Every structure is written in structure tokens, then in C-alpha cells.
Amino acid sequence: MKTFVFLLYLVKITVQEIVSNLPDSKSAYIELHYFPCLAYFACISSYESILLESAENYTKQSYRNRCNIRTANKVANLSVPVVKGNTKQRIKDIHIDYSENWIKDHWRTIASGYGKAPFFSELAPVFERILHKKHTFLFDLNLEILTNCLRILRWKKEIRLSNEYFKGSEIPNDFRDRIHPKKTELLTDLYKVVPYTQNFGSDFVPNLSILDILFCEGIYASDLICQSSVNPQGHNF
């Protein structure tokens with residue numbers, strides 16, 4: 001297992017800020033999420049690169065600052081508190097609120113839910129380290145989470161950051177706000193349920209945070225995610 005974790009960091013993920021170029025057919029155009037759900041990774045799996053929306057305004061009650069994980073008795077929602085989070089602030093300017101020790105609460109919940117999962121001991125230090133870095137901005141926290149998840153999955157993808165907000169119905173591969181806790185009906189053409197062994201219970205809970213499948217399935221997570229994608233383009237790693 002430890003050999004596997006070491007090899008994660010041989011996968012190079014490049015991040016660059018671009019000029020005002022429209023998204024292209026090889027890129028998934030999407031916003032950053034906090035420990036994204038499986039539909040997010042199923043969505044981006046078939047694209048060579050990811051164009052991250054970095055010029056949008058912050059949206060409340062979305063996956064930008066929350067995720068769902070499975071614990072012994074329920075599906076737990078983890079939410080990152082932000083300072084003055086409103087719809088008039090640029091997403092890159094949203095500060096994380098550390099007035100309360102939410103990191104301790106989040107990690108305690110994660111460890112309680114997955115401490116006995118097969119791959120927790122190997123992968124947990126990666127995510128614990130990220131959380132305890134105490135990023136100033138939500139965008140930077142989510143970006144580091146995403147790049148490390150891609151390394152764990154061994155998906156070699158270029159990440160680009162937009163510096164302009166693009167509008168219009170003709171934008172290719174525009175998945176912004178398609179994956180939303182209140183818009184589950186939009187997932188049907190992005191994600192299909194592929195069950196795997198979860199840590200608790202006999203009833204499978206679909207589309208949880210990436211943490212669930214990584215801790216439970218480890219090196220097999222990538223194949224399972226690809227199976228859950230309904231995108232016909234094939235998969236680019």
C-alpha cells in the first residue's frame with residue numbers, strides 16, 4: 001500500500017492561469033468543489049484538461065464549500081464556513097472562516113466514518129495535511145484537494161484557470177452548476193450509479209464525496225468512476 005501512495009506523486013498535475021480563451025472540445029469547463037462527489041469525477045474523466053471557473057461570483061448552498069460522506073448512522077454533510085460569503089464576491093476572494101475549529105470537526109467525522117476502511121491509513125495523511133494547512137481562500141483549498149485527488153486516481157490532466165466569466169449556450173462542455181445538491185435531476189446524463197463496498201450498511205448510497213470511494217476502494221476507484229460516467233468520449237488519463 002505504501003508503495004502505491006508513493007507512486008501517486010509521480011503523476012504531475014500542471015495548473016496555469018490562462019488569458020481569455022473560450023473552452024475547447026478537449027476541456028471540461030467546471031467550478032471547484034470541496035471534496036467533490038463522484039458525479040464530478042465521472043464528468044471530468046473523459047477530458048484531457050479541466051478549465052476551472054475562477055472568475056465567477058460565489059454561490060451559496062452549493063458543493064463549493066460542502067460535501068457528503070457516510071458515517072455509521074447517517075450521511076453527514078461537511079460544510080466549510082466562509083467569511084461574508086455572498087453572491088457579489090468573486091470565488092477567488094472568498095475567505096475561509098477559522099473563528100470556530102471546523103477542521104477538527106470535519107476530520108473527526110471523516111476519521112469516525114472511514115477509520116476502518118481498507119485504504120484510510122494510506123490515504124488519510126494526504127487529506128489531513130491539506131486541511132491543516134489552513135488555506136486563506138476557499139478556492140485554494142479546493143484546488144489543492146482536486147489536484148491531490150487526481151494524483152491518487154493517477155489521472156494526468158492539465159488544469160487551467162479562467163480569468164473571464166464566459167456566458168452563452170454554445171460554450172462546449174460547460175458543466176458549471178450542473179452538479180448541485182438541489183439539482184439532482186441534472187446528473188442523469190453525467191453519472192450512473194455503480195455500487196461498490198461501502199464502510200457501513202447494506203444499502204448503497206450513491207454520489208458521495210470522492211473520499212468515500214478512495215478510502216473504500218483505493219487503487220480500484222479510478223475504474224469504478226469511469227464505469228459510472230455516461231460520457232461517450234472515452235477516458236483520458
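Here the structure is a predicted model, which means the values were calculated and not measured.
Side-chain contact between P36 and I145 is present, with heavy atoms from C-beta onward closer than 4.5 Å. Using a 4.5 Å cut-off on side-chain heavy atoms (C-beta onward), P172 and Y29 make no contact. Contact of the V82 side chain with the Q89 side chain is not registered, since no non-hydrogen atoms from C-beta on lie closer than 4.5 Å. Taking 4.5 Å as the limit, every side-chain heavy atom of K88 sits out of range of all side-chain heavy atoms of N57. Using a 4.5 Å heavy-atom threshold, the side chains of L146 and L52 count as touching. A heavy-atom distance below 4.5 Å is not found between the side chains of I69 and L208. In this structure the side chain of I30 reaches within 4.5 angstrom of the side chain of I179, judged on heavy atoms. A 4.5 Å side-chain heavy-atom check between F215 and I110 finds at least one atom pair inside the cut-off.
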Quiz item: Passes side-chain hydrogen bond (donor to acceptor under 3.5 Å, both in side chains), W155 versus S45? Steps please.
Solution: CA-CA 8 Å; W155 292 4; S45 65; over 6 Å; no

Practice problem: Go through I159 and L150 one step at a time and tell me if the side-chain contact (heavy atoms from CB on, under 4.5 Å) criterion holds. | Solution: CA-CA 10 Å; I159 294 178; L150 293 174; 3.8 Å; yes

Quiz prompt | N68 and N77: CA distance, side-chain angles, deciding distance, side-chain contact (heavy atoms from CB on, under 4.5 Å) verdict | solution = CA-CA 5 Å; N68 295 320; N77 176 269; 3.1 Å; yes

Quiz prompt | Worked check of side-chain contact (heavy atoms from CB on, under 4.5 Å) between E31 and N142 | solution = CA-CA 10 Å; E31 73 276 6; N142 289 346; over 6 Å; no

Quiz item: Should Y191 and Y40 be marked as a ring-ring contact (aromatic ring centres under 6.0 Å, His included) after you check the CA-CA gap, both sets of side-chain angles, and the distance that decides it?
Solution: CA-CA 8 Å; Y191 166 78; Y40 188 101; over 10 Å; no

Quiz item: After noting the C-alpha distance and the side-chain angles of S79 and W102, does the key distance pass the side-chain contact (heavy atoms from CB on, under 4.5 Å) rule?
Solution: CA-CA 8 Å; S79 179; W102 63 268; over 6 Å; no

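Cluster membership for V205 and L190, using ILVMFWY side-chain heavy atoms within less than 4.5 angstrom, is not shared. Under the 4.5 Å side-chain heavy-atom criterion for Ile, Leu, Val, Met, Phe, Trp and Tyr, F137 and L131 are members of distinct hydrophobic clusters. Residues V75 and V193 are members of separate hydrophobic clusters, defined by side-chain heavy-atom contacts under 4.5 angstrom among Ile, Leu, Val, Met, Phe, Trp and Tyr. Clustering ILVMFWY residues whenever any of their side-chain heavy atoms sit less than 4.5 angstrom apart, transitively, puts L214 in a cluster other than the one holding F200.
A distance of 9.5 Å separates SG in C43 from CD1 in I50, rounded to the nearest 0.5 Å. Between atom OG of residue S222 and atom CD1 of residue I213 there is a gap of 9.0 Å, rounded to the nearest 0.5 Å. Here L153 contributes atom CG and I219 contributes atom CD1; the two are 12.0 Å apart, rounded to the nearest 0.5 Å. Note that CD1 of I152 and OG1 of T147 are 9.5 Å apart. Values are rounded to the nearest 0.5 Å. In this structure, the separation between NZ on K157 and OH on Y47 is 10.0 Å, given to the nearest 0.5 Å. Taking OH of Y114 as the reference point, atom CG of L211 lies at 6.5 Å (rounded to 0.5 Å).
Here the closest non-hydrogen pair linking L161 and L51 is C-CD1, 4.1 Å. Across N207 and L38, no two heavy atoms sit closer than the pair OD1-N, 3.3 Å. For the pair L138 and I96, the tightest heavy-atom approach, listed with the atom from each and the gap, is N-CG1, 3.6 Å. A pairwise comparison of heavy atoms in A42 and S229 identifies O-OG, 3.1 Å as the closest pair. When all heavy atoms of E53 and I91 are compared, the pair lying nearest together is O-CG2, 4.2 Å. Heavy-atom minimum distance, H135 versus I130: CE1-O, 3.4 Å.
For N73, the CG atom is loosely surrounded, since the number of other residues' heavy atoms within 6.0 Å does not exceed 12. Crowding of E100 atom CD: a count of heavy atoms from other residues, nucleotides or ligands under 6.0 Å not exceeding 12. Heavy-atom contacts from other residues, nucleotides or ligands closer than 6.0 Å to OH of Y98 number more than 12. Environment of CG in D203: sparse, with no more than 12 heavy atoms of neighbouring residues, nucleotides or ligands closer than 6.0 Å.
Electrostatic pairing of R160 and D24 counts as a salt bridge here, judged by a charged N lying under 4.0 Å from a carboxylate O. Ion pairing of D177 with R64 is present here, as a side-chain N (NZ or NE/NH1/NH2) and a carboxylate O approach within less than 4.0 Å. For the pair R129 and E144, the salt-bridge criterion is met [side-chain N within less than 4.0 Å of a carboxylate O].
Here the side chain of S209 pairs a donor or acceptor atom with the backbone of F35 at under 3.5 angstrom. A donor-acceptor pair under 3.5 Å links the side-chain atoms of R66 to the main chain of S62, judged by distance alone. Side-chain atoms of S112 do not come within 3.5 Å of backbone N or O of T109 as any donor-acceptor pair. Formation of a donor-acceptor pair under 3.5 Å by the H106 side chain with backbone atoms of K104 is not found in this model. Using modelled atom types, no side-chain atom of N173 and backbone atom of F175 make a donor-acceptor pair closer than 3.5 Å. A donor-acceptor pair under 3.5 Å is formed between the side chain of N199 and the backbone N or O of G113. The backbone N or O of F139 lies less than 3.5 Å from no partner atom in the side chain of K92, so there is not a single donor-acceptor pair.
Not less than 6.0 angstrom separates the ring centroid of H180 from the ring centroid of Y63. The six-membered or imidazole ring of Y196 lies near that of F204, with a centre-to-centre distance under 6.0 Å.
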